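Quick notes on the structure that follows.
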Amino acid sequence: MSEFLSELWYLAALSRDLRAGAMLGKTIMGEPVLLGRTVAGAPFALRDMCPHRGVPLSAGRMAEQAGQSVVECPFHGWRFAADGVCQAIPSLIAGASLDPARIRCAAYSMHEAHGLVWIYAPQDWKRPAPARLPPPELGALAVGGQPKAIERRVFALPLDHVVTGLLDPAHGPYVHAQWWWRTPAGQMEKAKQFEPRAHGFAMVRHAPSSNSWAYRLLGGKPATEIVFALPSTRWEDVHIGTRRFVTMSWLTPLDQHRTEFTQLLFWDLPQLDWLTPLVRYGAARFLGQDQAMAALQQRALRHDPPLLWIEDADTQAVWYRQLKKAWGQAQAEQRAFVNPIPPALLRWRT
Ligand code: FES
Ligand SMILES: [Fe+2]
């Protein structure tokens with residue numbers, strides 16, 4: 001079981017998933033969520049459950065009423081605006097005392113930028129309070145504004161195991177064994193310096209591994225920094241002179257068994273533009289390899305085995321657990337989060 005952290009932003013969808021005047025139903029953190037976009041273009045999210053008899057609103061349709069987009073329930077036609085306020089109860093007779101505006105469907109905070117749509121996970125999905133954290137700000141990481149490649153898969157594993165895999169340096173030469181990345185025979189000892197960051201930690205900027213051919217494709221003298229932040233995002237920011245290549249992963253727990261893995265690539269290297277199909281192929285292949293390993297792992301996890309955590313290769317996964325715990329405690333005690341991660345030098349062979 002993965003405990004899901006609330007009061008944080010999670011990637012909900014890609015902008016292109018949400019067409020104007022359309023909606024889709026999705027499970028996020030085990031909760032039914034309707035994601036939609038008004039005809040005016042604003043993304044919105046509602047609890048995907050009609051307050052009347054519980055029918056998923058996403059099974060209904062979107063309509064226009066008094067100049068605004070509304071969601072119409074398929075059961076009795078009640079209508080809800082993007083802010084969740086009920087706009088119509090068709091069965092009411094003229095002069096009825098019930099005011100539909102007093103009925104609401106829970107509405108969630110959303111943020112859209114760079115072709116991505118985030119949702120703020122409230123503590124209580126039935127009665128969400130407004131977001132307390134500012135939305136994710138990719139800033140200069142979103143080189144060129146929009147990702148040049150997007151790869152998305154659903155892993156059949158709980159969130160914590162997928163994050164553990166994401167932070168695991170030791171599987172590279174095995175799961176991703178291929179001539180342009182790593183091979184078991186080419187392993188060498190590495191030492192990486194880490195430091196705490198806002199809601200996570202960073203492998204501080206360094207020259208990337210010399211035993212990886214893919215970095216050579218970037219040319220020049222690359223320097224890379226890898227950052228992890230709660231709830232479940234990680235990015236690698238490679239600088240090559242004034243140019244950048246950024247790989248970013250966002251993990252969204254759909255429920256206790258499924259985690260959506262979205263990988264985004266941003267770059268402003270003209271020499272890489274004509275290789276875009278190749279880069280996309282590489283990203284898809286990488287993620288497919290991780291997904292296949294997740295499926296193997298899932299077979300064992302049904303038996304709830306005890307697992308081992310070794311130094312230093314598993315230290316980042318241990319830090320993730322510590323970060324989660326610290327976040328949960330800060331929330332329970334209603335105080336500011338204090339980052340428990342120490343600066344450290346970690347060593348491993350990959
Ligand atoms: S269940 Fe939605 S209108 Fe009745
Ligand atoms: Fe991997």
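Bear in mind the structure is a predicted one, so any value in this text is a computation, not a measurement. Both ligands and their constituent atoms are indexed starting at 1 by order of listing.
- Side-chain contact, Thr224 with Glu236: a donor N or O sits under 3.5 Å from an acceptor N or O.
- In this structure, Arg152 is not positioned above the aromatic face of Trp250 in the sense of NZ or CZ being under 6.0 Å from the six-membered ring centre and within 45° of the axis.
- Using a cutoff of 4.0 Å between basic side-chain nitrogens and carboxylate oxygens, Glu31 and Arg47 are scored as salt-bridged.
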Could you go through Thr276 and Lys148, starting from their C-alpha distance and side-chain angles, then the distance that decides it, and tell me whether this counts as side chain to side chain donor-acceptor pair (under 3.5 Å)?
CA-CA 8 Å; Thr276 302; Lys148 290 207 165 129; over 6 Å; no
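- Within the sub-2.8 Å shell of the Fe ion (ligand 2), the protein contributes these N/O/S atoms: His171 NE2, His176 NE2, Asp290 OD1, Asp290 OD2.
- Under the 3.5 Å distance criterion, with hydrogens and angles disregarded, a donor-acceptor pair is assigned to the side chains of Tyr174 and Gln187.
- Note: angle at atom 2 (Fe) of ligand 1, from SG of Cys50 to SG of Cys73, is 110° (rounded to 10 degrees).
- The distance from atom 2 (Fe) of ligand 1 to the nearest N/O/S atom of His52 is not under 2.8 Å.
- Proximity to Trp78 (heavy-atom distance under 4.0 Å) selects the following atoms of ligand 1: 3 (S).
- Side chains of Gln146 and His114: no donor on one and acceptor on the other come within 3.5 Å.
- Ligand-side atoms of ligand 1 in range of Phe75: 1 (S), 4 (Fe), range being under 4.0 angstrom from any heavy atom.
- In this model, a donor atom of one side chain and an acceptor atom of the other lie less than 3.5 Å apart for Gln178 and Arg285.
- Close contacts between ligand 1 and Arg53 involve ligand atoms 1 (S) [criterion: under 4.0 Å to a heavy atom].
- Thr27 and Asp255 share no side-chain donor-acceptor pair at under 3.5 Å.
- Looking at Glu260 and Arg258, no side-chain N of the basic residue comes within less than 4.0 Å of a carboxylate O on the acidic one, giving no salt bridge.
- Note on His76: its N/O/S atom closest to atom 4 (Fe) of ligand 1 is ND1.
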